[in-house]
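Convention: sequence-line order gives letters A, B, ...; per-chain numbering from 1.
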There are 2 protein chains.
Amino acid sequence: MTKEASTKTRKPKRGQTREALMAAALDLVVKKAPFSSLSLREVTKRAGVVPTAFYRHFPDMSALGLTLLDESFRTLRQMMRQVRQEQTPDENMLRGSVETYFNYVRENRAHFLFVAKELFGGTPTMRNAIRREIRMFTNELAMDMARFPFLNHFSSEDLQMMAALVVNNVTALTQEMLELEESDEFGQQQVLIAAEKQLRLIFLGVTQWKSSQPSS
Amino acid sequence: MTKEASTKTRKPKRGQTREALMAAALDLVVKKAPFSSLSLREVTKRAGVVPTAFYRHFPDMSALGLTLLDESFRTLRQMMRQVRQEQTPDENMLRGSVETYFNYVRENRAHFLFVAKELFGGTPTMRNAIRREIRMFTNELAMDMARFPFLNHFSSEDLQMMAALVVNNVTALTQEMLELEESDEFGQQQVLIAAEKQLRLIFLGVTQWKSSQPSS
DNA sequence: GCTTTTTGTCAACATCTGTTCACTAAAAAA
DNA sequence: TTTTTTAGTGAACAGATGTTGACAAAAAGC
């Protein structure tokens with residue numbers, strides 16, 4: 001597969017140019033600006049390719065962006081599915097899940113940074129795609145919660161509300177973690193501890209919640 | 001004040017150009033791109049002024065951005081101070097505060113949109129400025145909470161954690177509200193109701209919280 | 001009134017942008 | 001092998017960008 005050291009390949013970089021473009025874009029997002037303000041020429045330059053070569057792989061920059069977005073969420077979804085299957089519904093499930101998730105965030109820093117910056121700064125198309133994905137996670141979490149014995153007496157609206165609360169916080173904490181330097185292990189540990197505490201507090205609130213019907 | 005139809009005022013737009021530039025930038029942020037990807041020429045064009053006139057008021061675009069940021073937070077701080085003084089610490093304080101805050105968000109949509117988009121997409125300088133401001137709000141909230149009789153037995157770390165939880169959620173809900181169309185009154189009402197529920201749930205969690213020292 | 005400072009205009013620059021077109025080498029298909 | 005398709009190069013375009021400098025009108029100071 002990865003056989004490149006040929007005798008005199010002057011021009012063609014084989015089929016890996018497409019991935020080089022994606023990697024270059026991701027790289028620039030990490031250490032410079034949000035994707036929305038990257039230029040086509042910038043990306044091709046970093047990929048070590050002439051500007052016009054871009055069009056052999058993507059119709060325009062926004063297509064690259066959507067591909068990158070897809071890549072980001074495909075691996076995330078996959079991890080979430082795995083976590084959801086492995087876990088058993090008890091107290092220390094929380095700690096485990098939190099730890100697994102944030103480790104994943106650290107290992108995929110670039111993709112998360114990309115998503116975070118586009119969540120508000122991107123084009124409407126991109127923003128909607130991201131929000132749809134987040135909404136999906138929220139729904140799945142709500143469904144998972146519905147299966148717990150001590151939760152299944154809540155209305156689906158209440159469950160939805162609780163799931164949204166959790167997702168909101170995890171999102172915020174993820175952003176907080178992404179703001180830290182990659183080397184700042186202490187800070188990252190702090191965020192992780194804070195995350196666990198906050199989620200446990202939410203959990204306490206849930207156990208006390210009485211689903212007061214929409215009175216007004 | 002607004003006297004323009006004079007005999008032959010060809011050039012000078014009086015002293016209001018500076019504000020026209022800021023308004024133009026804010027306008028473009030609302031209906032187009034994040035501030036970071038606005039061009040100087042674009043802004044001056046919308047302000048009805050020639051590009052070079054810009055330099056009479058700001059050294060460069062990032063200076064305009066910081067001014068805009070300052071303006072955004074100055075009025076916000078002022079509102080928060082007012083809310084904090086008026087309120088009395090009881091149950092329905094929550095509903096009132098939430099309503100006041102989100103009404104303010106709606107009335108200052110442009111500024112909040114500006115801040116939201118820069119929170120992740122902006123330059124490091126701008127991001128830090130915003131985060132510092134948010135941290136300040138969190139600290140003040142923690143201090144307010146410390147004055148409540150049923151909360152003052154918590155450690156300051158716990159209070160900080162709780163305040164962060166609240167702020168995280170309000171931030172997320174604000175962003176959610178900003179994503180809605182300005183005309184979507186129903187959706188906005190929904191967010192408001194969700195906000196109140198979520199905060200009440202957090203409140204329940206707080207009453208149950210035992211400041212378990214870092215056991216493990 | 002005159003003078004100075006402020007605040008706008010216009011022309012011009014070098015640079016960067018997205019995109020086109022014609023071209024060629026390599027890889028795949030025949 | 002020959003042929004065709006794929007994937008790269010390079011020159012050139014029209015347009016937008018930030019910034020400069022010299023100039024002129026209004027506002028402010030005197």
Side-chain angles (χ1 to χ4, degrees), chain A residues 1-25 28-29 32-68 121-123 125-126, chain B residues 1-25 27-29 31-68 121-123 125-126:
Chain A
M1 300 290 179
T2 42
K3 181 149 173 276
E4 71 287 3
S6 77
T7 52
K8 50 184 172 184
T9 51
R10 303 206 312 276
K11 292 180 187 170
K13 309 272 169 45
R14 293 291 303 287
Q16 72 234 38
T17 300
R18 184 188 159 96
E19 280 149 38
L21 287 170
M22 291 173 61
L28 288 169
V29 167
K32 229 207 75 180
F35 178 83
S36 345
S37 63
L38 292 186
S39 77
L40 184 149
R41 288 181 110 104
E42 230 175 344
V43 173
T44 55
K45 182 179 292 181
R46 183 168 219 91
V49 148
V50 96
T52 52
F54 184 91
Y55 296 100
R56 299 292 179 193
H57 303 276
F58 302 98
D60 54 28
M61 279 293 287
S62 86
L64 209 194
L66 289 177
T67 308
L68 232 32
T123 63
T125 311
M126 194 147 302
Chain B
M1 299 292 179
T2 41
K3 180 151 175 269
E4 72 286 4
S6 76
T7 52
K8 50 184 171 183
T9 51
R10 303 206 314 274
K11 292 177 185 175
K13 310 272 169 45
R14 293 293 304 287
Q16 72 236 37
T17 301
R18 183 186 159 99
E19 281 149 38
L21 287 169
M22 290 173 60
D27 213 53
L28 287 169
V29 166
K31 66 184 58 162
K32 228 207 75 178
F35 177 81
S36 343
S37 62
L38 292 187
S39 77
L40 184 149
R41 288 181 110 105
E42 228 175 345
V43 173
T44 55
K45 183 179 291 180
R46 182 167 220 92
V49 148
V50 96
T52 52
F54 184 92
Y55 297 101
R56 299 293 180 193
H57 304 277
F58 303 98
D60 54 27
M61 279 293 286
S62 85
L64 208 193
L66 289 177
T67 308
L68 232 32
T123 64
T125 312
M126 193 144 306

Whole-Å distance, A:Arg18 CZ to D:dT6 C1', equals 14 Å

| said: Are the side chains of B:Phe54 and B:Arg41 in contact, using a 4.5 Å heavy-atom criterion? | reply: no

B:Tyr55 atom OH is separated from D:dG18 atom P, nearest whole Å, by 7 Å

Rounded to whole Å, the NZ-C1' distance (B:Lys45 to C:dT9) equals 16 Å

Regarding the side chain of B:Val50, the nearest nucleotide among C:dT9, D:dG18, C:dT19 is C:dT9

Rounding to 0.5 Å, atoms OG1 (A:Thr44) and NE2 (A:His57) come to a distance of 11.5 Å

Whole-Å distance, B:Phe54 CZ to C:dC10 P, equals 19 Å

Out of C:dG8, C:dT9, C:dT19, minimum distance to the side chain of B:His57 belongs to C:dG8

A:Glu19 side chain to A:Gln16 main-chain N or O, any donor-acceptor pair under 3.5 Å?
no

Here the distance between atom P of C:dT19 and atom CE of A:Met61, to the nearest Å, is 10 Å

Under the criterion side-chain contact (heavy atoms from CB on, under 4.5 Å), I'd like the reasoning laid out for B:Phe58 against B:Leu40: C-alpha separation, chi angles, the key distance, then a yes or no.
CA-CA 11 Å; B:Phe58 303 98; B:Leu40 184 149; over 6 Å; no

A:Ser39 has its side chain closest, among C:dT19, C:dT17, D:dA7, to C:dT17

Rounded to whole Å, the CD-P distance (A:Gln16 to D:dT6) equals 19 Å

Separation of C:dG18 atom P from A:Leu21 atom CG, nearest Å, is 13 Å

**Request:** Would you indicate, yes or no, if D:dT9 has its OP1 or OP2 atom less than 4.0 angstrom from a side-chain nitrogen or oxygen of A:Thr52?
**Result:** no

Winner on side-chain proximity to B:Arg41, out of D:dT19, D:dG10, C:dT19, is D:dT19

Rounded to whole Å, the CZ-P distance (A:Arg56 to C:dC21) equals 13 Å

Quick note, B:Pro51 side chain, CB onward, closest among C:dA22, C:dG18, D:dT19 is D:dT19

Margin query: Run the side-chain contact (heavy atoms from CB on, under 4.5 Å) test on B:Leu28 and B:Arg46 for me, step by step, so that the C-alpha distance in whole Å, both residues' side-chain angles and the decisive distance to 0.1 Å come before the verdict.
Written below: CA-CA 8 Å; B:Leu28 287 169; B:Arg46 182 167 220 92; 3.6 Å; yes

